[in-house]
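Quick notes on the structure that follows.
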Amino acid sequence: MTKKFNEKAWHEYELGFMVSRPGCSAEYRTGDWRSQRPQTNKAKCIKCGVCYLVCPEGAIVLAADGSYDFDLEHCKGCGICATECWTGCISMVEEGE
Amino acid sequence: MAKRIGIEVSLAISEAVRLANVDAIAAYPITPQTHIVEHLSELVASGELDAAFIPVESEHSAMSVCAGTSAAGARTYTATSSQGLALMNEILYIIPALRLPVVMTIANRAVSGPISIWNDHSDIMGVRDTGWIALFAENGQEAFDLSLMAFKIAEDHRVLLPISVNIDGFTLSHVIEPHEFLDQDEVDKFLPPYTPAVQLNPDAPVSMGTVGIPEIFSEAKKCQDEVLKGSEAVIKEVFADFGERFGRHYKVVETYRSEGAETLLLTMGSVGETAMEAIDRLRDEENRPVGLIRLRLWRPFPVEALRAEMSGVKTLAVIDRAVSFGGTAGPVAGEIRSALYSTDQAPYVASFIAGLGGRDITISDFMAVVDQAEKMAAANEIHQYKMIGVRE
Amino acid sequence: MENLNVYAAKLAPQQESLAPGHRACQGCAELLAVRLVAKTLGRDYIIANATGCLEIVTSSFPHSAWQVPWIHVAFENAAAVASGVEAGIKVLQRKGRYPVDRKITIIAQAGDGGTVDIGLQALSGALERGHDMVYICYDNEAYMNTGVQRSSSTPYGATTTTSPAGKADPLGQHTMKKNIVEIAAAHNIPYVATASPSYPFDLMQKVRKAADTPGPAYIHCFVPCPTGWRMAPNLAVSIGRIAVESKVFPLYEIENGEYKMTVTHKNHRPVIDYLKPQGRFRHLSEANIAEIQQQVDKSYDRLLKKVKMSQIELD
């Protein structure tokens, strides 16, 4: 079994304690920070992609039908997508609702 | 075939750096380091050295640029002194933590104030704990040889740590001495181009210098310390290799006429040459059992090699070239006491501070130090350190 | 969105080289800007990052959000480290010890503190030496990473934890924001620009231009910080837009010394539209706001004069 990063002995780390797995922060779920989550009324969505472009997390991904899905593992619930949406098809709803 | 030529020590160091075929040099001018980097920039301008010469706007940036060139995979060199080294201080800590094998000549000079351009060791002592390997040269030939060996030691994949080669400002940097140079093909065989273990390259992206959270910070420091201590074996290996190839032999702790000695002087840097004269006189004219230890390796501290020279020694007189204000000893003497404290029959260690800010230490000064140390030892005088050659 | 086709977002590069999972606050416009830069540059670039928000939120061990080579050394030296990376790669390429199959862009990036205050000397040195690199300052107008202390990039009238508005001194920051863009331009470098993630295409075009320009380029990127500016995170992009619409942060570029506005508006909004949503300006009196309006008008006019001068020269 591989050791967790905080279980390794001093000599088991990479040179200079660098990180050589590019983009491995994706393993960290910032979605847990969220108190509100975005929800799309797909009927109103014109698939323009503005939400995708303005997401600071890169947590909005192109769906097969050309619309956009939310990566809820990383979405922090900032609500920029809802504010910037041209048609107002994204709304922020309380988590747990 | 090796040539023997008379040349200023600073220029000899530049020639060593040229022979090492260094890739990048970043430096800011400061007396008495200037002749080294001036000559290097000439070598680059003339095409004799194919390297990036980056004339930065401060020593802080010099060391920062070195971090960048070294992380890019370039063999990297810089030189500084005194205030310049102090200004680099912040970055000095980070270079070994990132495991970047930068080589730096320090033309040792007093740290201000009052401002002084002259030699002592207060600059290097101020950066003692930054995690660099630190070597001291006694003469021009040693400075030349150590400068070449420094790259091989630093870049060894078991080490990958930065090295400072310390030479005394003016008293060594600006004097003309005979040097035996090496041919390029000999050097190339001894020192092939740097093969970085890791480099900044989009083909294999790495993140260097990430946040050291408490869960790993102690391990990071432990690792650095173990690697630094482990470098002593590599240093000895490189010394041996160099000796075999070129016939000049080096040790981490050098001795001079120490056989059967009951009193030893201990020096670092160029004053060792004067101390040898004093030893010769005491031995040859007064028939006294005295000798000399020259500490070549300051970090990692060669504890075992030092202890091995202590058999039969009753008195050890350590000459420091810097003050640890309000401390327990001169910076070197404190380490010596600490290294010998738990050994059987540790000698009496007298701590003397001399030669600050360019004050000469003469042959008779050394002879007087031996007398004084022996008297103090006989009386088992409890002291921390004594500044000598000061008007009272 | 800027005056482009509604569907323009579809045209943005799909590539991402900043991974999610970074620890930036909700609604951080700095990370949005960085993501847009990353989209523009793809994978063939190397970053030297100053200490600051961006550094800590993207590199918390054992994680890294970077999919390109990245090095962080200290706070004030991103420009110097980037200089070294650039010079090092160049010499290794010349000596045949580094790939030469493609151009690799060198990016230095820092916050406003790491640029306009503690990093100013290293920045000046790097620009003066002419390294082929792009320096990007992500300006959120205070030391956010340490808890919202004022920098010399903090605007007049903003309250921060070290320029607090109090009873005896109700203004907050007393000094005008340092004009680092002019300082960069004074180095006679080939390309200088201001940018904002609220105008993503303008930003991406400038980054591309800067990367393609041989020699040093400087981009000053305005990045609203909901935490430090005390405003709702969902407003981070819209407040950046209002900053441009109200002339507070004009978008322009200086190419070989020639000034050019890249985003213009016929009718400018009053600065109060920009100040009002932000808690850091809430204490300001009407007189203060009028004064800020005057300052903003004046510096905008001064900028327009430079633009006009450039046009005359070009004609």
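As the structure is a computational prediction, the values presented were derived from the model and not from experiment.
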If we ignore angles and hydrogens, is there a donor and acceptor under 3.5 Å between the side chains of C:W66 and C:S17? no
Quick one: which of B:I54, B:I213, B:D50 has the most heavy-atom pairs under 4.5 Å with chain C, could you say? B:D50
Determine the option with the most heavy-atom pairs under 4.5 angstrom with chain B, choosing from C:I106, C:I104, C:V85, C:N49. C:V85
Ranking C:H72, C:H63, C:E128 by heavy-atom pairs under 4.5 Å to chain B gives rank one to C:H72
Cut-off 3.5 Å, side chains only: do C:K177 and C:S153 have a donor facing an acceptor? yes
Check against ring pair (Phe, Tyr, Trp, His ring centres under 6.0 Å), B:F151 and B:Y194: CA-CA 9 Å; B:F151 289 100; B:Y194 173 40; 9.6 Å; no
Assert top hit (heavy-atom pairs under 4.5 Å, partner chain C, pool B:G73, B:C66, B:A62, B:A204) equals B:G73
B:Q224 and B:K221 side chains, donor-acceptor separation under 3.5 Å: yes
Residue selection (most heavy-atom pairs with chain B, distance under 4.5 Å) from C:E55, C:R94, C:Q67: C:R94
Just grab all the ring-ring contact (aromatic ring centres under 6.0 Å, His included) pairs involving residues 32-52 of chain B, residues at least two apart or on different chains. B:H35-B:H174
When you compare the side chain of C:C137 with that of C:H220, does any pair of heavy atoms fall below 4.5 Å? yes
Part of C:V81 within contact of chain B (heavy atom distance under 4.5 Å): both
For the interface with chain B, which of C:G88, C:A122, C:P69 has the highest count of heavy-atom pairs at distances below 4.5 Å? C:P69
Does the side chain of C:T115 pick up a donor-acceptor pair with the side chain of C:Y138 at under 3.5 Å? no
If I measure from the heavy atoms of chain C, does B:Q199 come under 4.5 Å with its side chain, its backbone, both, or neither? side chain
Toward chain C, the part of B:A71 with a non-hydrogen atom under 4.5 Å: side chain
So C:T160 and C:T154, side chain to side chain donor-acceptor pair (under 3.5 Å) or not? Walk me through it. CA-CA 9 Å; C:T160 70; C:T154 301; 5.6 Å; no
Determine whether a donor-acceptor pair (N or O, by modelled atom type, separation under 3.5 Å) exists between the side chain of B:W132 and the backbone of B:L92. yes
Under 4.5 Å from any heavy atom of chain B - which part of C:R129: side chain
Kindly determine whether B:F242 and B:F190 satisfy ring pair (Phe, Tyr, Trp, His ring centres under 6.0 Å), including the steps that lead there. CA-CA 8 Å; B:F242 189 90; B:F190 172 70; 5.5 Å; yes
Under 4.5 Å from any heavy atom of chain C - which part of B:V206: backbone
So, does B:N166 use its side chain to make a donor-acceptor pair with the main chain of B:L135 at under 3.5 Å? yes
When the 4.5 angstrom heavy-atom criterion is applied to C:I71 and chain B, the contacting part is both
Counting only heavy atoms closer than 4.5 Å, note whether C:I56 contacts chain B via side chain, backbone, both or neither. both
Under a 3.5 Å distance rule, please check whether C:R43 uses its side chain to pair with a backbone N or O of C:V68 as donor and acceptor. no
Heavy-atom pairs under 4.5 Å with chain B: which of C:H131, C:K90, C:R102 has the most? C:R102
Counting only non-hydrogen atoms closer than 4.5 Å, does C:A48 touch chain B with its backbone (N, CA, C, O), its side chain (CB onward), both, or neither? neither
Ring-plane angle category for C:F75 and C:Y143, please: parallel below 30°, perpendicular beyond 60°, tilted otherwise. perpendicular
Members of residues 78-90 of chain B whose heavy atoms come closer than 4.5 Å to chain C: B:E90
Judged by atom type as modelled, is there a donor-acceptor pair below 3.5 Å linking the side chain of C:R23 to the main-chain atoms of C:G21? yes
B:L98 versus chain C, the contacting section by heavy-atom distance below 4.5 Å: side chain
Chain B heavy atoms under 4.5 Å from C:V73: which part of the residue, side chain, backbone, both or neither? both
By a 4.5 Å heavy-atom criterion (distance strictly below it), what part of C:Q121 contacts chain B: side chain, backbone, both, or neither? both
Side-chain donor/acceptor of B:K229 to backbone N/O of B:P300, under 3.5 Å: no
Heavy-atom cut-off 4.5 Å, strictly under: side chain, backbone, both or neither for B:A97 against chain C? neither
Chain C shares the most heavy-atom pairs under 4.5 Å, among B:A74, B:P202, B:A72, with B:P202
Pairs of heavy atoms under 4.5 Å with chain C: top-ranked of B:I91, B:I95, B:T195, B:D203: B:D203
Which region of C:L92, side chain (C-beta onward) or backbone (N, CA, C, O), has a non-hydrogen atom less than 4.5 Å from a non-hydrogen atom of chain B, or is it both or neither? side chain
Rounded to the nearest 0.5 Å, what's the gap from OG on C:S151 to CG on C:D117? Could you check? 5.0 Å
Once rounded to the nearest 0.5 Å, what's the spacing between atom CG of C:L123 and atom CG of C:N77? 12.0 Å
